[in-house]
Amino acid sequence: MTNTAPIDLRSDTVTRPDEQMSAAMAAAEVGDDVLDHDPTMRALEERAAQLLGTTAALWVPSGTMGNLIALMLHLKRGDRFLAPRGSHVLHHELGSAAWLAGGMPDPLEWSAGPTLLCLENTHNSAGGTVIPLHEHAQLAAAARDSGLRVHLDGARVWNASVALGVPPAALTVGVDTVQACLSKGLGAPVGSVVAGSDDFVREARRVRKMLGGGVRQGGVLAAAGLVALDRIDALAEDHENARALAAGLAEIGWEVTRPQTNIVLAAVPDVRLTLERLDVAGVRAVPMSGQVRFVTHRDVSTADIKEALHRISEARI
Ligand SMILES: Cc1ncc(COP(=O)(O)O)c(C=O)c1O
């Protein structure tokens with residue numbers, strides 16, 4: 001019998017904890033993280049800070065909350081901040097940068113008196129593109145010279161580090177704060193970290209509590225995060241699968257981007273119709289930047305990618 005289960009390429013957030021991760025969660029040593037810190041949370045935060053090259057880090061339930069906390073601490077009401085066109089903080093966080101952090105967003109060009117530059121690496125809506133090291137250094141230096149602080153939305157900074165073959169800490173040089181997701185390609189069911197100086201993280205802990213993001217026996221979730229952080233190198237397989245998907249789609253006539261990481265964007269005449277037809281064929285994707293977005297992740301294998309291409313080809317989408 002042929003397997004007709006849908007192949008889910010909507011996002012790298014659809015990954016489910018595997019046996020090893022579930023076992024680590026079940027066995028986690030826990031405390032009360034809001035009262036006086038949870039030991040597994042502490043271990044995760046120390047490890048994340050070390051990987052990201054910061055002095056401290058704080059677990060937060062989501063990337064959105066990590067970015068929000070950083071923006072709340074960097075911005076005063078009415079401050080302008082710069083972020084790349086199409087960035088997640090500008091378009092996909094429901095205006096929280098303005099509503100809750102009080103910041104006035106400006107797409108990256110130039111504007112009077114901004115106080116913060118918010119980078120995104122990899123850049124989701126541009127198709128998982130990577131900011132190369134020299135460009136990152138130039139941006140961070142230009143920000144510094146203009147007296148701007150720098151926050152990095154590094155939801156997929158792990159993918160950028162694998163694509164460039166450098167440690168994640170190389171991508172945070174010159175930034176004040178960074179947010180990095182555990183729940184995307186690394187496969188944790190929940191969680192991100194927001195990292196920076198000791199002072200920043202002390203304040204961030206206070207703001208997290210204010211936002212209702214403190215969790216008590218958080219070690220259960222941090223244990224998943226620790227397993228996730230062991231899986232950074234495995235992201236190379238997702239990147240390989242994205243390249244195979246893009247090559248296969250191009251072969252059957254699709255207009256696709258050349259993926260730098262785990263995201264493939266395809267330009268199609270009618271996005272909604274294409275997504276419907278993909279869904280009927282058993283391949284799931286989402287709209288992004290007026291195109292169709294496919295994301296590879298640890299729950300789709302190379303064989304699944306071949307099967308997805310077979311289904312798309314058979315259905316003549
Ligand atoms: C670049 C980027 N930043 C932040 C986020 C927010 O992460 P979360 O969904 O955990 O809130 C996402 C989620 O897709 C993202 O792609």
Side-chain angles (χ1 to χ4, degrees), residues 8-17 44 48 52 57-72 81-97 99-101 103 105 107-108 116-131 136 150-161 163 168 171-172 175 177-195 204 207-208 211-213 215 218 221-222 224-225 228 235 238 242 259-265 285-289 291 293-297:
D8 197 344
L9 298 169
R10 287 173 302 163
S11 175
D12 46 9
T13 55
V14 302
T15 50
R16 288 152 194 256
L44 171 73
L52 293 168
L58 179 75
W59 182 93
V60 285
S62 67
T64 301
M65 191 184 285
N67 285 336
L68 174 61
I69 289 174
L71 265 55
M72 285 177 84
F81 73 96
L82 294 166
R85 233 170 241 296
S87 60
H88 206 272
V89 286
L90 291 184
H91 295 284
H92 301 287
E93 299 184 7
L94 307 180
S96 62
W99 276 102
L100 301 172
L108 191 56
L116 177 72
L117 172 65
C118 188
L119 297 173
E120 183 174 315
N121 199 8
T122 65
H123 193 301
N124 180 357
S125 73
T129 48
V130 175
I131 304 178
H136 172 90
V150 182
H151 171 68
L152 171 63
D153 178 356
R156 296 184 180 81
V157 71
W158 322 112
N159 297 80
S161 88
L171 302 174
T172 66
V175 314
T177 56
V178 52
Q179 179 283 118
C181 290
L182 304 164
S183 64
K184 299 207 157 60
L186 300 186
V190 57
S192 278
V193 289
V194 62
V207 176
R208 182 185 70 175
L211 295 174
V215 292
L221 303 172
L235 294 172
D238 299 346
Q260 295 179 12
T261 54
N262 66 332
I263 299 178
V264 178
L265 293 181
V286 293
M288 174 69 75
S289 315
Q291 301 181 74
R293 187 189 78 169
F294 300 92
V295 185
T296 56
H297 53 79

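Since the structure is predicted, the reported quantities are computational estimates derived from the model, not experimental observations. FYI, side chains are in, hydrogens and waters are out, and symmetry mates aren't considered; it's all heavy atoms of this structure. Order of appearance sets the numbers: ligands from 1, and atoms from 1 within every ligand.
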Could you tell me which atoms of ligand 1, counted from 1 in the order shown, lie closer than 4.0 angstrom to a heavy atom of [X]?
{"X": "Thr64", "result": "6 (C), 7 (O), 8 (P), 11 (O)"}
{"X": "Asn124", "result": "16 (O)"}
{"X": "Ala155", "result": "1 (C), 2 (C), 3 (N), 4 (C), 15 (C)"}
{"X": "Glu93", "result": "4 (C)"}
{"X": "Gly63", "result": "6 (C), 7 (O), 8 (P), 10 (O), 11 (O)"}
{"X": "Lys184", "result": "5 (C), 6 (C), 7 (O), 8 (P), 9 (O), 10 (O), 12 (C), 13 (C), 14 (O)"}

When you look for heavy atoms under 4.0 Å from ligand 1, do you find them on the side chain of [X], its backbone, both, or neither?
{"X": "Asn67", "answer": "side chain"}
{"X": "Ser62", "answer": "both"}
{"X": "Glu120", "answer": "side chain"}
{"X": "Arg156", "answer": "side chain"}

Examine the side chains of [X] and [Y] and answer whether a donor and an acceptor come within less than 3.5 Å of each other.
{"X": "Glu120", "Y": "His88", "result": "no"}
{"X": "Thr129", "Y": "Gln260", "result": "no"}
{"X": "Asn121", "Y": "Arg156", "result": "no"}

Return the closest protein heavy atom for atom 3 (N) of ligand 1 as residue, atom name and distance. Asp153 OD2, 2.6 Å
Note the single closest protein heavy atom to atom 15 (C) of ligand 1, along with its residue, its atom name and the distance in Å.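 Closest protein heavy atom to atom 15 (C) of ligand 1: His88 CD2, 3.1 Å.
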Looking only at N/O atoms, are Gln179 and ligand 1 under 3.5 Å apart anywhere?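 No - when backbone and side-chain N and O of Gln179 are compared with those of ligand 1, no distance drops under 3.5 Å.
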Closest heavy-atom contact between Gly86 and Ser125?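 Where Gly86 meets Ser125 most closely, the heavy atoms are O-OG, 2.8 Å.
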For Leu82 against Pro107, the heavy-atom pair lying closest together: CD2-O, 4.2 Å
Identify the residue among Ile263, Val130, Leu186, Asn262 that makes a side-chain contact (heavy atoms from CB on, under 4.5 Å) with Asn159. Asn262
Just to verify, which of Leu100, Val60, Val89 counts as forming a side-chain contact (heavy atoms from CB on, under 4.5 Å) with Leu68? Leu100
Please determine whether side-chain hydrogen bond (donor to acceptor under 3.5 Å, both in side chains) holds for the pair Thr177 and His151, giving the CA-CA distance in whole Å, both sets of side-chain angles, and the decisive distance to 0.1 Å. CA-CA 5 Å; Thr177 56; His151 171 68; 2.8 Å; yes
Without swapping roles, check the side chain of Ser183 against the backbone of Val190 for a donor-acceptor pair under 3.5 Å. no
